[in-house]
Amino acid sequence: MSAETVIVGGGISSIRLAERLRRAGDEDPITIVSAEPGLVYDRPPLSKGVLLDDDPRRPDLATEEALGALGVRRVTGCRAVRLDQAARRVELETGETLSYDDLVIATGSDPRRLPALDEVGPYYLRTWDDALALREAVREAARIGVIGAGVLGLEIAATSRVLGREVMVVDTAPHALARIGGPELGTPVADLHREHGVRFHLGVGIDTATENGDGAITLRLTDGTEHVVDVLVVAIGAVPVTDWLQGSGLAGHDGVETDAGCRTSDERIFAIGDVARVERGPGDRRRLEHWTNAGDTAAVAARGILARRRGETPPTLTELPYVWSDQYDVKLQILGHLDPDGSLIPAVEDPEAGRWLRIAVRGQEVTGVVGWNMPAAVNRCRAALIAGATTDELLQSAPWERKARR
């Protein structure tokens, strides 16, 4: 008998999971339900290349022919509205119901909004349509205001500066990138932007936002200062899409909680990508919004589905979190994770070449490495981090150094 897999969500994690199942020999039916129409596309370029290109093309991840070859049924432009666990059915907004043997929740996340700013019509960036709208607005403006000094906000700020726009960034946190690290990371990143002309207002929020008669927006900050912008962009994080799971008991306060194998409390239901709060260690569940996390969680969920059907031991996630960001001429990479209360120990400092690598530590524990224009060196640290190397061991072995071939 065939066993159907239903994937709710049309992002990169959904297509990667379908590919993994097929690669492992699964020939059973697969259905992907996507709220957005069209093909699955890549999101990282939306804040960079799409805004810069004179004639942008949607960064599709697969062609119709490739999807056809996978034998995947796709229901696009349609949302799931209800889950019936007892009957193993997903109800769609069209009234159609899909029965499943295994369900994968891959609904991703939506931008976190600031309702107090609704009257001035701020821009949010998540979808292809969002990117096109923001691209047109930025190109017609002179002054850009960005609320949020996280990765997305800073990428939009960098792109806007490359286009020659005046840019100001506002964040209630005392330093940039506060969600993923401490001031030892945020300070050099903010300094990079200041060198390119970005003005920062950190540790303050928006008191009022008023649209002027000419269409510009006056922002009054909580420090009493006023600033006028033509375009206002809000990039303050994302919230997981779980509204359709109400009453199921699967949706927690910040996404769908899973074990280390991306399995929920129901062994036939998995969660992957942005929506999943995956167990990364004892008592440590985290929801990551990184591009690589989508593929990593999709891979382990695909193996978990097949393991359940075959009566095998379920797999667990072993990949390290990894995020990168391109801003101006800098590639910033983080392998592992940073503790906002931890510190960064210099491993490589090469100011003349404009590059460095630092070890992230919390007490005696190495939690990750951070690279500034050192992509290959960061990747060479992966094995040592997975093995749990101490700070001294990592410094002594120096895996970031290119070893001579024997």
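Numbering starts at 1 and runs along the sequence shown. Heavy atoms only: backbone and side chains are in, while hydrogens, waters and symmetry mates are out.
Contacts of His175 classified as ring pair (Phe, Tyr, Trp, His ring centres under 6.0 Å), with partners at least two apart in sequence or in another chain: none. A search for side-chain hydrogen bond (donor to acceptor under 3.5 Å, both in side chains) contacts involving Thr390 returns Glu393, not counting sequence neighbours. The salt bridge (charged side-chain N to carboxylate O under 4.0 Å, His left out) search around Arg308 returns Asp102, not counting sequence neighbours. Not counting sequence neighbours, the partners of Asp254 by the salt bridge (charged side-chain N to carboxylate O under 4.0 Å, His left out) test are Arg277, Arg287. Arg22 pairs by the salt bridge (charged side-chain N to carboxylate O under 4.0 Å, His left out) definition with Asp26, not counting sequence neighbours. Arg74 is linked by a salt bridge (charged side-chain N to carboxylate O under 4.0 Å, His left out) to nothing, counting only residues two or more places apart in sequence or in another chain. Every ring pair (Phe, Tyr, Trp, His ring centres under 6.0 Å) that Trp356 has, sequence neighbours left out, goes to Trp372. Residues that satisfy the ring pair (Phe, Tyr, Trp, His ring centres under 6.0 Å) test with Trp244, not counting sequence neighbours, are absent from this structure. Annotation: side chain to side chain contact (heavy atoms under 4.5 Å, CB included) contacts of Asp53 (sequence neighbours excluded): Pro56.
The backbone N or O of Ala347 lies less than 3.5 Å from no partner atom in the side chain of Arg358, so there is not a single donor-acceptor pair. Checked by atom type and distance alone, the side chain of Arg20 never pairs as donor or acceptor with a backbone atom of Ala301 at under 3.5 Å. A donor-acceptor pair under 3.5 Å is formed between the side chain of Asp84 and the backbone N or O of Ala86.
Counting heavy-atom neighbours within 6.0 Å of Arg126 CZ, excluding the residue itself, gives a total above 12. Within 6.0 Å of CD on Gln246 lie no more than 12 heavy atoms contributed by other residues, nucleotides or ligands. More than 12 heavy atoms of other residues, nucleotides or ligands sit less than 6.0 Å from atom CD of Glu349. At most 12 heavy atoms of other shown residues, nucleotides or ligands fall within 6.0 angstrom of atom CD in Glu136.
Side-chain contact between Val233 and Leu134 is present, with at least one heavy-atom pair separated by less than 4.5 Å. Within the 4.5 Å cutoff, the side chain of Val228 has heavy atoms near those of the Arg143 side chain. Leu357 is listed as a side-chain neighbour of Val378, based on a closest heavy-atom distance under 4.5 Å. Side-chain contact between Leu125 and Ile156: present, with at least one pair of heavy atoms (C-beta onward) separated by less than 4.5 Å. With a 4.5 Å cut-off on side-chain heavy atoms, Val104 and Val8 do not count as touching. Proximity of Leu98 to Val33: side-chain heavy atoms (C-beta onward) are separated by under 4.5 Å at one or more points. Between His193 and Val169, every side-chain heavy-atom pair lies at or beyond the 4.5 Å cut-off. Between Leu92 and Val81, every side-chain heavy-atom pair lies at or beyond the 4.5 Å cut-off.
Atom CG in Leu192 sits 12.5 Å away from atom OG1 in Thr187 (nearest 0.5 Å). How far CG of Leu394 is from CD1 of Ile359: 4.0 Å, rounded to the nearest 0.5 Å. Going from atom OG1 of Thr76 over to atom CG of Leu39 covers 9.0 Å, rounded to the nearest 0.5 Å. Between atom OG1 of residue Thr159 and atom CG of residue Leu52 there is a gap of 5.0 Å, rounded to the nearest 0.5 Å. Taken to the nearest 0.5 Å, the CD1 atom of Ile269 stands 11.0 Å off from the CD1 atom of Ile305. Leu152 CG to Tyr124 OH: the interatomic distance, rounded to the nearest 0.5 Å, is 12.5 Å.
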*asked:* Between Leu21 and Ile30, does the side-chain contact (heavy atoms from CB on, under 4.5 Å) criterion hold? Intermediate values first, please.
replied: CA-CA 9 Å; Leu21 287 174; Ile30 300 174; 3.9 Å; yes
_I'd like to know whether Arg135 forms a side-chain contact (heavy atoms from CB on, under 4.5 Å) with Glu140, so could you lay out the CA-CA distance, the side-chain angles of the two residues, the decisive distance to 0.1 Å, and finally the verdict._
CA-CA 9 Å; Arg135 174 184 176 277; Glu140 294 178 353; over 6 Å; no
*Does the side-chain contact (heavy atoms from CB on, under 4.5 Å) test come out yes or no for Val72 and Thr31, once each step is laid out?*
CA-CA 6 Å; Val72 175; Thr31 298; over 6 Å; no
*Check the pair Leu103, Phe270 against side-chain contact (heavy atoms from CB on, under 4.5 Å), reporting the backbone distance first and the verdict last.*
CA-CA 6 Å; Leu103 172 67; Phe270 297 74; over 6 Å; no
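The pair Asp259-Arg263 meets the salt-bridge criterion, with a side-chain N (NZ, NE, NH1 or NH2) lying under 4.0 Å from an Asp/Glu carboxylate O. Using a 4.0 Å cut-off between a side-chain N of Lys or Arg and a carboxylate O of Asp or Glu, Glu155 and Lys48 qualify as a salt bridge. Salt bridge absent: Arg286 and Glu279 never bring a charged side-chain N and a carboxylate O closer than 4.0 Å. A salt bridge is absent between Asp266 and Arg268: the closest approach of a Lys/Arg side-chain nitrogen to an acidic carboxylate oxygen does not fall below 4.0 angstrom. Of the charged side-chain nitrogens involved, none lies within less than 4.0 Å of a carboxylate oxygen, so that Arg280 and Glu257 do not count as a salt-bridged pair. Looking at Arg79 and Glu93, no side-chain N of the basic residue comes within less than 4.0 Å of a carboxylate O on the acidic one, giving no salt bridge.
Across all non-hydrogen atoms, the minimal contact from Thr5 to Arg309 is OG1-NH2, 2.8 Å. Closest non-hydrogen pair, Ser14 versus Gly9, comes out as CB-O, 3.1 Å. Residues Leu395 and Pro346 come closest through the heavy atom pair CD2-O, 4.4 Å. Nearest heavy-atom pair across Ala360 and Leu338 is CB-CD2, 3.3 Å. Nearest heavy atom pair, residue Ile272 against residue Thr297, reads CG2-O, 3.4 Å. In plain terms, the two heavy atoms of Gly150 and Asp171 that are nearest each other are N-OD2, 4.4 Å.
Glu36 and Ser34 share no side-chain donor-acceptor pair at under 3.5 Å. For the 3.5 Å distance criterion, the side chains of Tyr41 and Arg43 qualify, holding a donor opposite an acceptor.
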Would you be so kind as to tabulate the donor-acceptor pairs closer than 3.5 Å made by side chains of residues 197-212, with sequence neighbours excluded?
residue	atom	partner	partner atom	Å
Asn212	OD1	Thr218	OG1	3.0
Asn212	ND2	Thr218	OG1	3.0

Tell me which donor-acceptor pairs under 3.5 Å the side chains of residues 107-122 have, and how far apart each pair is, sequence neighbours excluded?
residue	atom	partner	partner atom	Å
Thr107	OG1	Val241	O	2.8
Ser109	OG	Asp274	OD2	3.1
Arg112	NH2	Ala238	O	3.3

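The aromatic rings of Tyr328 and His196 lie parallel to each other, with less than 30° between the two planes, well short of the 60° mark.
Contacts classified as salt bridge (charged side-chain N to carboxylate O under 4.0 Å, His left out) and involving residues 176-191 (residues at least two apart or in different chains) are given here: Arg179-Glu289, Asp191-Arg194.
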